[in-house]
Amino acid sequence: MFDKLKNPIPVISIIILISILVGCKHEYPPFDEYEVVSFVPVDSVAYGMLFANGERLFALYDITGVYNRWSLFREYDLHDPPVPVLETFAYLILPPSLGYRCSQDSLVFFQESYYDLWILNLNTLETHDLYLGYHAQDVAHREHFLFVSTYDGLRVLDISNLPEYVEVFNDSVGRSGAFLALRDTILIDIYQFAGHYCAKFWNIKNAENPQIIYEEELPGIDNMRDIALTEQYVILFDHYAIYRYNHCMYDSLMYEDMLFLNQGYGSQKTTDFNIIIAYGNHIELIEITDFSAQQIAVSGDWYYQILSLETFEDAIYLLIRKQGIYVLQRRES
């Protein structure tokens, strides 16, 4: 076999060979502090969401271009977080008009209409349509209880026997623009009431009888779009700013800082250490404890095509339209 290498290879053949090798190599975009460590193609993804659950990453997506349609499903193993390994591929039968609400534990929640809530179980791929009879502004899930913020109050539903459910609690306080965030047995409930935002901490260890730990008005907050609860902080997001409050072990709220954003963003993810903001073609990492610290911008040749972001351990996963999943990690020093 090695004798064949003794014959000289024409220069033109070498050029062609090099061109082929370069053409087959995936060109990763440049980064400052983070770098792309792997790439997973996902068909011709048009719309989609990523969800991390334990050592698993899920992609729920569509290739037809129909907005709010989720018909294809992939599950990846994350035992080696930088290298997602495909475990499951499936077609799902879901209506094309679902509006994503949130993902928690092994469940994904969608709003189909004003009164219907759909639940997708990531473990079994079973779906359930819950007719609530009211609009779910936001939801949170723990064990077999579903917490639903509505115009007529915070409701707690026992969903241990889906698709049947039983309402076990309702605080009956009217609200709008409501958001929920859950950590262990603490639920933060933020909503508009009488023209201003209010915040409540609930102890939900006994979900059928939640107890208010703390409540307060939040002055200066006008148009929230999401909230996050970390071990030490409550993070409030509006369309062009981020607010940080220290919750002092869930018994008070102390305002600490605000960060103005230069432009509107598509989505965000909050860990105990960082806030990750996804814009059209780049993401920014913001240190939670110091908004004044320099933000790390991660940009790519994505042309406003970032569909979703997710994190697991020290990895960041970006779902990019018409491409797939980019995996990012901090560059080793």
Exercise for review: Give a yes/no verdict on a cation-pi contact between Arg183 and Tyr250, requiring under 6.0 Å between NZ or CZ and the six-membered ring centre and an angle within 45° of the axis.
Suggested key: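 Pair Arg183/Tyr250 does not count as cation-pi.
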
Exercise for review: Output all residues satisfying side chain to side chain contact (heavy atoms under 4.5 Å, CB included) with Glu208, sequence neighbours left out; order by chain, then residue number.
Suggested key: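 Per chain and number, Glu208 pairs via side chain to side chain contact (heavy atoms under 4.5 Å, CB included) with Phe145, Val168, Asn206.
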
Point to revise | Sequence-distant partners of Ser308, side chain to side chain contact (heavy atoms under 4.5 Å, CB included), two or more places apart | key: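 If we apply the side chain to side chain contact (heavy atoms under 4.5 Å, CB included) test to Ser308, skipping adjacent residues, the hits are Met49, Leu50, Leu319.
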
Answer yes if the side chains of [X] and [Y] hold a donor-acceptor pair under 3.5 Å, and no otherwise.
X	Y	value
Asn274	Glu287	no
Arg74	Tyr61	yes
Ser106	Asn53	no
Glu112	Tyr115	no

Please, which pairs that meet ring-ring contact (aromatic ring centres under 6.0 Å, His included) have at least one residue in [range], sequence neighbours excluded?
range	value
residues 157-201	Phe169-Trp202
residues 206-244	none
residues 264-300	Tyr279-His282

**Study point:** Partner residues of Glu284 under the salt bridge (charged side-chain N to carboxylate O under 4.0 Å, His left out) criterion, sequence neighbours left out
**Key:**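 Applying salt bridge (charged side-chain N to carboxylate O under 4.0 Å, His left out) to Glu284 gives none.
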
**Study point:** Stepwise salt bridge (charged side-chain N to carboxylate O under 4.0 Å, His left out) test for Asp184 and Lys205
**Key:** CA-CA 9 Å; Asp184 300 324; Lys205 187 174 183 178; over 6 Å; no

Point to revise | Spacing of Phe73 atom CZ and Leu92 atom CG [to the nearest 0.5 Å] | key: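 So the CZ of Phe73 and the CG of Leu92 are separated by 7.0 Å.
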
Check your understanding: Rounded to the nearest 0.5 Å, how far apart are CE of Met254 and NE2 of His247?
Key ->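 Separation between the atoms: 12.5 Å.
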
Review point. Is there side-chain contact between Asn203 and Pro210, with at least one heavy-atom pair below 4.5 Å?
Key: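 A side-chain contact under 4.5 Å is absent here.
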
Review point. Any side-chain heavy atom of Gln232 within less than 4.5 Å of one from Asn246?
Key: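 A side-chain contact exists here, since the closest heavy-atom pair is under 4.5 Å.
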
Point to revise | Stepwise side-chain contact (heavy atoms from CB on, under 4.5 Å) check, Leu182 with Arg142 | key: CA-CA 8 Å; Leu182 178 63; Arg142 180 177 183 268; 3.6 Å; yes

Practice item. Kindly assign one of parallel, tilted or perpendicular to the pair Phe51 and Tyr100, based on the angle between their ring planes and the thresholds 30° and 60°. Key: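 Phe51 vs Tyr100 ring planes: tilted.
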
Side chain [X], main chain [Y], donor-acceptor under 3.5 Å:
X	Y	result
His141	Phe109	no
Arg101	Ala136	yes
Glu256	Tyr245	no

